[in-house]
*Asks:* 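Before I ask anything, here is the structure I am working with.
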Amino acid sequence: MGTKMPKAYYAQEEKILNINDANIKMNGSLFCEVAICRVPVTFVDAHKKKLADKTVVVNPYFRLTSNEKKHYVECRYNTIGQIKVIAQDSDDNIIKAIEDNRYSFRLNVIDEALKDLINLNKEQTKNDGQCAGANKPSKTYINQGKLDSYLSTMQKIMRLRSLAESNEELRELLVLQYGKQEVKWNKFYYESDDLQKCYTYIKRNEVTHPMCIDGVIKEFSDPTEKFKFSVLKLTSPWVEPDKNGVINRPVVELIIRSDKVLDYIQSDIKQTKVAVYSKFQVSESKVLTFQDGDETKKIRYLNIKGNLYHRNQIILY
């Protein structure tokens, strides 16, 4: 299938087109921009997507015309080629080949390293103002270095998935492992339209593995006297009322527990799309009523909360 592309080769004029210069009428004469590839591609126009409290525009892109005709193996838009590059640049402990064109990605390795950072942060907060032991800085450096490497790989995988149209191709190429458990891609990576499924999966199962959520930024709140951390909130999807007339609206909140995460978000605040990696907890509110014009409506908030401890747990795009 390949990833979404920002450019294409337009055969009628024998030139490379940027996405903003293309239109649907060009379909049939568009090909991959990479000279050694030139597989047929299709222009997908911008379209609107309705969310809970606003409508957003999904940007246009180029994609493969047919799943039967894939990118040349050396093309930079070839998904397996990108996974191979990620694997080559990564620690063997986290991602490795298990057979031809198939890789294993060990989520538990990231989780264990992240736990070390979380525990270290708790200790530092508890012992604030006290002198650290002589070996503490060295241990901190080693753990931080491993975590940087592991989460850098996770970030690359998130970016690759954000450029894909679905989980399908990655499901075939990258097997997600959490200890002895194999995690299905549709139980790991959720877009905004699937947040109700995400909430239900976590609520009904003893979910121990981390997940990725991809969505649109709604707002960013500063710390308060009652809560000392900043919070990143995502826009909820549009949800129709259930059979009892209740709107069950998923609400995603990310608690920012690192200044580096905070600096990253604030430095690129114009970006509205985000993908995050975390363990999540869920809870639900009581059914509330509110007025929408002359109509009284009922709503229940399905809360999904995660924590961001490291800069590489998040990408803005």
*Asks:* For the hydrophobic clusters of this structure (ILVMFWY residues joined by side-chain heavy atoms under 4.5 Å, transitively), does one cluster hold both Val41 and Tyr72?
*Replies:*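 Same hydrophobic cluster.
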*Asks:* Salt bridge or not for Glu168 and Arg171, using N-O below 4.0 Å?
*Replies:*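 Answer for the salt bridge query: yes.
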*Asks:* Before accepting this row, confirm whether a basic side-chain N of the pair Arg311/Asp263 lies closer than 4.0 Å to the acidic partner's carboxylate O.
*Replies:*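 No, this pair does not count.
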*Asks:* Tell me whether Arg102 is salt-bridged to Glu172, with the criterion being a basic N under 4.0 Å from an acidic carboxylate O.
*Replies:*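 Result for this pair is no, no salt bridge flagged.
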*Asks:* Within the structure provided, determine whether Tyr103 and Lys84 are in side-chain contact (heavy-atom separation under 4.5 Å).
*Replies:*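 Side chain of Tyr103 against side chain of Lys84, heavy atoms only: contact under 4.5 Å found.
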*Asks:* State which residue, out of Lys197, Lys187, Met211, fulfils the side chain to side chain contact (heavy atoms under 4.5 Å, CB included) condition with Ile202.
*Replies:*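 Of Lys197, Lys187, Met211, side chain to side chain contact (heavy atoms under 4.5 Å, CB included) with Ile202 is met by Met211 alone.
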*Asks:* For the residue pair Glu33 and Tyr77, confirm or rule out a side-chain donor-acceptor distance under 3.5 Å.
*Replies:*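 The answer is yes; a qualifying pair exists.
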*Asks:* Between Lys146 and Asp116, is there a side-chain N and carboxylate O pair less than 4.0 Å apart?
*Replies:*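 Result for this pair is no, no salt bridge flagged.
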*Asks:* Without swapping roles, check the side chain of Asn205 against the backbone of Val207 for a donor-acceptor pair under 3.5 Å.
*Replies:*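 No.
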*Asks:* Check whether more than 12 heavy atoms from other residues, nucleotides or ligands sit under 6.0 Å from atom NZ of Lys7, and answer yes or no.
*Replies:*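 No.
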*Asks:* Looking at side-chain heavy atoms only, is the closest gap between His310 and Arg257 below 4.5 Å?
*Replies:*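 Heavy-atom side-chain distance check fails, nothing below 4.5 Å.
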*Asks:* Are any non-hydrogen side-chain atoms of Phe31 and Val39 less than 4.5 angstrom apart?
*Replies:*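 Phe31 vs Val39: side chains apart.
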*Asks:* Do Thr42 and Thr65 meet the criterion of a side-chain donor-acceptor pair at a distance under 3.5 Å?
*Replies:*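 Thr65 and Thr42 do have a side-chain donor-acceptor pair below 3.5 Å.
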*Asks:* Inspect the contact between Lys218 and Glu253 and indicate whether a charged nitrogen and a carboxylate oxygen are less than 4.0 angstrom apart.
*Replies:*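 Judged by the 4.0 Å cut-off on N to carboxylate O distance, Glu253 and Lys218 do not form a salt bridge.
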*Asks:* Just by distance, no angles: are the side chains of Ser192 and Lys49 close enough, under 3.5 Å, to form a donor-acceptor pair?
*Replies:*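 Side-chain D/A pair, Ser192 to Lys49: present.
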*Asks:* With no hydrogens and no angle check, is any side-chain donor or acceptor of Thr55 less than 3.5 Å from a backbone partner on Leu51?
*Replies:*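 It does not hold such a pair.
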*Asks:* Decide whether a cation-pi geometry holds between Lys15 and Tyr10; the criteria are a distance under 6.0 Å from NZ or CZ to the six-membered ring centre and an angle within 45° of the ring axis.
*Replies:*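 Lys15 over Tyr10 ring: no.
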*Asks:* Look at the aromatic rings of Tyr189 and Trp185 and report parallel, tilted or perpendicular, splitting at 30° and 60°.
*Replies:*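 Tyr189 and Trp185: tilted rings.
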*Asks:* For residues Ile247 and Val239, report the shortest heavy-atom separation together with the two atoms involved.
*Replies:*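 Shortest heavy-atom contact: CG2-O, 3.9 Å.
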*Asks:* Quick one: does Ile304's side chain get under 4.5 Å of Val251's, heavy atoms only?
*Replies:*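 Ile304 does not reach Val251 side chain to side chain.
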*Asks:* Is there a side-chain contact between Leu170 and Thr79 (heavy atoms, below 4.5 Å)?
*Replies:*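 Leu170 reaches Thr79 side chain to side chain.
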*Asks:* Mark yes when over 12 heavy atoms from residues, nucleotides or ligands other than Gln291 sit less than 6.0 Å from its CD; otherwise mark no.
*Replies:*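 Count over threshold, so yes.
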*Asks:* Is Leu234 reachable from Ile255 through a run of hydrophobic residues whose side-chain heavy atoms are each under 4.5 Å from the next?
*Replies:*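 In one cluster with Ile255: Leu234, no.
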*Asks:* Do Ile36 and Glu74 come close enough that some side-chain heavy atom pair is under 4.5 Å?
*Replies:*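 With C-beta onward as the side chain, the pair touches.
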*Asks:* When you check the side-chain N and O atoms of Tyr190 and Asp214, is any donor under 3.5 Å from an acceptor?
*Replies:*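 Not at all, the side chains of Tyr190 and Asp214 share no donor-acceptor pair under 3.5 Å.
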*Asks:* Does either side chain, that of Asp242 or that of Asn248, offer a donor lying less than 3.5 Å from an acceptor on the other one?
*Replies:*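 The criterion, which ignores hydrogens and geometry beyond distance, is satisfied for Asn248 and Asp242.
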*Asks:* Tell me whether Met26 is reachable from Ile19 by hopping between hydrophobic residues (I, L, V, M, F, W, Y) whose side-chain heavy atoms are closer than 4.5 Å.
*Replies:*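 In one cluster with Ile19: Met26, yes.
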*Asks:* Do Tyr199 and Glu284 get their side chains close enough for a donor-acceptor pair, meaning under 3.5 Å?
*Replies:*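 The criterion, which ignores hydrogens and geometry beyond distance, is satisfied for Glu284 and Tyr199.
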*Asks:* State plainly whether one hydrophobic cluster holds both Ile16 and Met5, where clusters connect Ile, Leu, Val, Met, Phe, Trp and Tyr through side-chain heavy atoms under 4.5 angstrom apart.
*Replies:*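 Unlinked, Ile16 and Met5 end up in two clusters.
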*Asks:* Side-chain contact test, heavy atoms from C-beta onward, threshold under 4.5 Å: evaluate it for Thr235 versus Lys54 and give yes or no.
*Replies:*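 Counting from C-beta outward, Thr235 and Lys54 do come under 4.5 Å.
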*Asks:* Taking side chain as C-beta onward, heavy atoms only, is Val175 less than 4.5 Å from Ile98?
*Replies:*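 SC-SC contact between Val175 and Ile98 confirmed.
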*Asks:* Taking the six-membered ring for Trp, is the centroid-to-centroid distance between Phe229 and Phe227 below 6.0 Å?
*Replies:*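 Judged by ring-centre distance (under 6.0 Å), Phe229 and Phe227 do meet the cut-off.
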*Asks:* What are the two closest non-hydrogen atoms of Leu30 and Phe62, and how far apart are they?
*Replies:*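 Looks like CD1-CE2, 3.8 Å.
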*Asks:* Check whether more than 12 heavy atoms from other residues, nucleotides or ligands sit under 6.0 Å from atom NZ of Lys4, and answer yes or no.
*Replies:*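 Counting other residues, nucleotides and ligands, NZ of Lys4 exceeds 12 neighbours.
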